[in-house]
Engineer: 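Below are the structure tokens for one structure; questions will follow.
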Amino acid sequence: MPNRIIEEVLALVRAKGITIPDPNPMESSKAYCAEKHQRAWMPQHLERGRLAEIDALNGYAARENERLALAAPYNSALTRLIKGRQYRSAG
């Protein structure tokens with residue numbers, strides 16, 4: 001699933017005409033994540049009762065892709081899942 005999320009973001013970047021200096025952002029992202037041996041910050045925020053920045057990150061990618069008539073089912077689903085988890089944690 002992480003590859004699909006990144007692919008959707010890269011499709012948005014291309015659609016907006018943004019040039020990324022990295023010739024292979026997918027591989028760079030994988031390499032960066034592989035060398036990090038810590039837990040992702042989003043689950044840590046949720047466990048501490050803090051709001052995740054999901055709307056500003058994956059939510060933005062989902063909304064912008066939709067606005068440009070591009071598919072973003074993975075970013076959209078991840079946004080809904082995290083927001084649901086936040087709601088459940090708050091309740």
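Keep in mind that this is a model prediction, so the values were computed, not measured.
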Engineer: Side chain of Glu8, backbone of Tyr74: donor and acceptor closer than 3.5 Å?
Structural biologist: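 A pair under 3.5 Å: yes.
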Engineer: Is a side-chain donor or acceptor of Ser76 paired with a backbone partner of Ala72 at a separation under 3.5 angstrom?
Structural biologist: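 Pair absent, no side-chain N/O of Ser76 close to backbone of Ala72.
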Engineer: Among all residues two or more places apart in sequence or in another chain, which pass the side chain to side chain contact (heavy atoms under 4.5 Å, CB included) test with Ala11?
Structural biologist: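 Ala11: side chain to side chain contact (heavy atoms under 4.5 Å, CB included) contacts with Arg14.
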Engineer: Taking all non-hydrogen atoms of both residues, which atom of Thr79 and which atom of Gly59 are closest, and how far apart?
Structural biologist: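 Closest heavy-atom pair between Thr79 and Gly59: OG1-N, 3.2 Å.
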Engineer: With rounding to the nearest 0.5 Å, note down the distance linking CG in Leu10 to CD1 in Ile20.
Structural biologist: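 These two atoms lie 5.5 Å from each other.
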Engineer: Just one of Ile54, Leu12, Val9, Asn75 clears the side-chain contact (heavy atoms from CB on, under 4.5 Å) bar with Tyr60, so which one?
Structural biologist: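 In the set Ile54, Leu12, Val9, Asn75, the residue that makes a side-chain contact (heavy atoms from CB on, under 4.5 Å) with Tyr60 is Leu12.
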Engineer: Tell me the salt bridge (charged side-chain N to carboxylate O under 4.0 Å, His left out) pairs involving residues 57-74, sequence neighbours left out?
Structural biologist: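 For residues 57-74: Lys16-Glu64, Glu64-Arg67.
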Engineer: Among pairs that include at least one residue of residues 70-84, which meet salt bridge (charged side-chain N to carboxylate O under 4.0 Å, His left out), considering only residues two or more places apart or in two chains?
Structural biologist: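 Non-adjacent pairs meeting salt bridge (charged side-chain N to carboxylate O under 4.0 Å, His left out): Asp55-Lys83.
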Engineer: Asn24: what forms a side chain to side chain contact (heavy atoms under 4.5 Å, CB included) with it, not counting sequence neighbours?
Structural biologist: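 Asp22, Met26, Glu27.
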